[in-house]
Amino acid sequence: MTRAIRWWQSLRARIGHRGSALLFFGLLDLVFAGSLIAPPLETRSSASYAFLATILPLPVWAVAWGSVGLLCAVQAFMVADRAAFVAASWLKVGWGGIYLAGWLLGEIPRGYVAAAIWLAFAGFVAVIASWPEPLRRP
């Protein structure tokens with residue numbers, strides 16, 4: 001067994017399933033935040049990014065995503081992790097809602113697709129948040 005696998009198993013034993021999920025959500029949100037800080041020109045000119053930028057500047061969106069990502073990463077190591085799950089779920093609900101609104105307003109063609117993905121992912125986060133951590137054997 002490689003050292004990386006043993007390290008991951010040891011970490012997972014300490015943080016449990018909920019903490020592992022929060023680490024995943026934290027990484028996802030931080031990477032997404034980074035993508036919003038300085039997107040390529042062709043991305044910034046897309047209908048979805050142009051619509052998002054009319055609501056708030058992209059760096060402000062990046063701060064929101066980065067903050068939630070950091071919260072998830074920190075609370076992955078805590079027993080009290082509700083704030084991270086709520087923030088992760090609601091950020092994705094809001095993001096999906098924005099895409100849905102953009103589609104309904106005719107600003108984002110096929111915005112319903114992104115809305116469905118983000119809203120479904122928000123639901124997935126909420127489902128994981130409802131799972132109790134299994135009891136650990138001594």
Would you say the side-chain atoms of [X] pair up with the backbone N or O of [Y], donor to acceptor, closer than 3.5 Å?
X	Y	answer
W61	A33	no
S89	F85	no
S20	G16	yes
R18	A129	yes

Residue pair [X] / [Y]: nearest heavy atoms and the distance that separates them:
X	Y	result
A101	F51	C-CZ, 4.5 Å
L36	P39	O-CD, 3.5 Å
Q75	R82	OE1-N, 4.0 Å
L71	A87	CD2-CB, 3.8 Å
L119	V93	CD2-O, 3.6 Å
L22	A84	CD2-CB, 3.7 Å

Which residue, I108, L58, T54, forms the side chain to side chain contact (heavy atoms under 4.5 Å, CB included) with Y49?
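That would be L58; it is the only one of I108, L58, T54 passing the side chain to side chain contact (heavy atoms under 4.5 Å, CB included) with Y49.
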Quick one: which residue pairs count as a salt bridge (Lys or Arg N to Asp or Glu O under 4.0 Å) with a foot in [range], not counting sequence neighbours?
range	value
residues 97-116	none
residues 19-30	D29-K92
residues 51-67	none
residues 30-47	none

How would you list, by chain and number, every residue that makes a ring-ring contact (aromatic ring centres under 6.0 Å, His included) with F124, sequence neighbours excluded?
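F124 satisfies ring-ring contact (aromatic ring centres under 6.0 Å, His included) with no other residue.
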Test of understanding: with ring-ring contact (aromatic ring centres under 6.0 Å, His included), list the residues that count as partners of W65, not counting sequence neighbours.
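For W65, the residues satisfying ring-ring contact (aromatic ring centres under 6.0 Å, His included) (neighbours in sequence not counted) are F32, W95, W118.
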Is there a side-chain contact between L23 and I15 in this structure, where contact means two heavy atoms from C-beta onward sitting under 4.5 Å apart?
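Yes, side chains in contact.
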Quick one: are P109 and W103 in side-chain contact, heavy atoms under 4.5 Å?
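No, their side chains stay 4.5 Å or more apart.
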Would F25 and I128 satisfy side chain to side chain contact (heavy atoms under 4.5 Å, CB included), going step by step from the backbone distance to the final call?
CA-CA 11 Å; F25 300 145; I128 292 174; 3.8 Å; yes
Transitively linked via ILVMFWY side-chain contacts under 4.5 Å: [X] with [Y]?
X	Y	result
Y112	I117	yes
L52	L104	no
I55	V60	yes
W90	F121	no
L70	F24	no

Spacing of S46 atom OG and L41 atom CG [to the nearest 0.5 Å]
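The distance works out to 10.5 Å.
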